[in-house]
Amino acid sequence: MTAVSFLSRFGYRTRLWLTAGLLAYCGTRATASPTLRVFCDSAAWIGDSLSLKLQYEGSDPRNVLFPVLDPQAYPGLEFFSATPERDTAYDKESGLFRLQAAYPFTIYTAGTYAIPPVSFRVFENGKILIYDTDTLWINIYEPDVDTEQAIRDIKAIQPVSAWERIGDYIRRNYLWLSAIALALAAAGFGWYYWRRKRRDLPVFSAPKPVVPPLDQALADLRKLKAKQLWQQNRVKEYYTELTDILRVFLAAEYRIAAIEMTSDECLEALRMNHPERKEDIRNLGLVFRTADLVKFAKGEPQPSEHEDCFRLIWRFVTAHKQESPAPTAADVADRTANPPTDTPTETPQTRNDHELE
């Protein structure tokens with residue numbers, strides 16, 4: 001026998017044995033019967049949540065049909081549902097599916113209960129086979145109760161506050177309450193509308209006109225002059241109001257944060273934005289320095305200095321008025337009520353001084 005013929009014969013026999021072993025293994029897997037199991041607790045207290053569990057292990061999950069239980073066949077057991085709650089898992093090592101059906105139930109009377117056999121229907125080789133489980137027994141216990149003790153509530157009754165009752169009532173009737181509120185609002189508006197129309201008044205009041213900063217500054221200066229604060233030895237209050245009027249005017253007309261700035265910062269901002277107004281800036285610097293001496297150093301200026309500071313701010317504001325391209329509504333009304341009587345040779349600065357007096 002040659003070596004080539006020996007190797008070919010050995011390879012043939014090896015393939016034959018491997019094929020036979022594989023067929024035998026597959027036949028064993030194909031003809032293996034499925035595993036059927038039933039689980040349930042053997043003891044519990046009255047009212048405990050229990051579960052009857054049926055389990056199937058096999059190669060095809062479609063081969064099993066779990067039953068629908070008849071509650072009348074299980075006296076004493078209160079099933080929550082006759083149809084099972086299903087759960088499926090797959091084991092990679094064994095290649096089997098594990099199906100589980102759970103039937104939750106409870107028992108309210110102490111004693112020993114029997115769960116009759118449960119039938120599985122399994123498809124095998126084109127046939128329907130029925131498998132019955134064993135009978136299960138459950139012992140139900142009741143807790144010891146001292147019947148001589150008085151019956152009492154588990155927890156004391158908690159009082160409900162008025163706000164909680166009101167909140168609960170609003171939550172339950174918010175639609176009706178919303179409709180009533182809308183109806184009352186509509187009725188109130190109707191009454192207001194009828195009353196305004198009856199008096200020939202506009203239903204909605206026109207918004208108040210916005211006073212220009214220039215007119216507001218002049219009005220505030222007139223009020224300050226009428227108070228006569230420095231004449232009453234209230235010098236610090238006088239300079240505080242005077243510089244506040246100036247700061248508000250600068251913030252509105254010159255768009256600088258004069259209210260939050262110090263005196264030097266205000267002057268510097270004016271120099272940067274309006275370098276052409278050197279004389280006005282110098283005059284405002286004199287006012288700020290005098291006011292700072294009074295407020296922070298307890299300075300005591302002369303009465304003529306009080307008047308000079310007031311006049312410098314008045315001239316600064318009215319000078320801005322002369323530069324305005326168009327007269328304001330207040331100017332037109334003022335000119336209509338008080339026609340000018342100035343002579344042609346009178347300068348704008350002289351007119352401003354007359355107005356101040």
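Residue numbers count from 1 along this sequence.
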Using side-chain heavy atoms (C-beta onward) and a distance below 4.5 Å, is [X] in contact with [Y]?
{"X": "E268", "Y": "R271", "result": "yes"}
{"X": "L214", "Y": "E253", "result": "yes"}
{"X": "I138", "Y": "D41", "result": "no"}
{"X": "P104", "Y": "E85", "result": "yes"}
{"X": "L69", "Y": "L52", "result": "yes"}
{"X": "V118", "Y": "D132", "result": "no"}
{"X": "F288", "Y": "L246", "result": "yes"}
{"X": "R247", "Y": "C266", "result": "yes"}

Heavy-atom count check: over 12 atoms from other residues, nucleotides or ligands less than 6.0 Å from [X] [atom1]?
{"X": "Q302", "atom1": "CD", "answer": "no"}
{"X": "D134", "atom1": "CG", "answer": "no"}
{"X": "R198", "atom1": "CZ", "answer": "no"}
{"X": "I128", "atom1": "CD1", "answer": "no"}
{"X": "N233", "atom1": "CG", "answer": "no"}
{"X": "K295", "atom1": "NZ", "answer": "yes"}
{"X": "W45", "atom1": "CH2", "answer": "yes"}

Starting from [Y], can I reach [X] by hopping between I/L/V/M/F/W/Y residues whose side chains sit under 4.5 Å apart?
{"X": "L221", "Y": "Y254", "value": "yes"}
{"X": "I46", "Y": "L50", "value": "yes"}
{"X": "F123", "Y": "L54", "value": "no"}
{"X": "L136", "Y": "L77", "value": "yes"}
{"X": "L267", "Y": "I313", "value": "yes"}

Under 3.5 Å, side chain of [X] to main-chain N/O of [Y], donor-acceptor pair present?
{"X": "N273", "Y": "A269", "value": "yes"}
{"X": "R165", "Y": "V160", "value": "yes"}
{"X": "D215", "Y": "V211", "value": "no"}
{"X": "E241", "Y": "Y238", "value": "no"}
{"X": "Q232", "Y": "L229", "value": "no"}
{"X": "S119", "Y": "I130", "value": "no"}

Using the six-membered ring wherever Trp is involved, compare the ring planes of W314 and F310 and label them parallel, tilted or perpendicular (cut-offs 30° and 60°). parallel
Applying side-chain contact (heavy atoms from CB on, under 4.5 Å) to A89 and not counting sequence neighbours gives none
For R282, the side-chain contact (heavy atoms from CB on, under 4.5 Å) test, sequence neighbours excluded, returns E279
side-chain hydrogen bond (donor to acceptor under 3.5 Å, both in side chains) filter on S81, not counting sequence neighbours, yields T83
Sorted by chain and residue number, the ring pair (Phe, Tyr, Trp, His ring centres under 6.0 Å) partners of F296 (sequence neighbours excluded) come out as none
Residues passing the ring pair (Phe, Tyr, Trp, His ring centres under 6.0 Å) test with Y239, sequence neighbours excluded, are H306
Begin with the C-alpha distance, continue with both residues' side-chain angles, and end with the deciding distance and a verdict on salt bridge (Lys or Arg N to Asp or Glu O under 4.0 Å) for E237 and K227.
CA-CA 11 Å; E237 184 178 350; K227 289 182 180 179; 5.7 Å; no
Next item on the list: For Q100 and R86, run side-chain contact (heavy atoms from CB on, under 4.5 Å): C-alpha distance rounded to whole Å, both residues' side-chain angles, the deciding distance at 0.1 Å, then the answer.
Entry: CA-CA 6 Å; Q100 190 175 85; R86 300 175 180 270; over 6 Å; no
Quick note, ring-ring contact (aromatic ring centres under 6.0 Å, His included) partners involving residues 76-96, not counting sequence neighbours, are Y74-F79, F79-F105, Y90-F97
Between the OH atom in Y108 and the OG1 atom in T106, the distance rounded to the nearest 0.5 Å is 4.5 Å
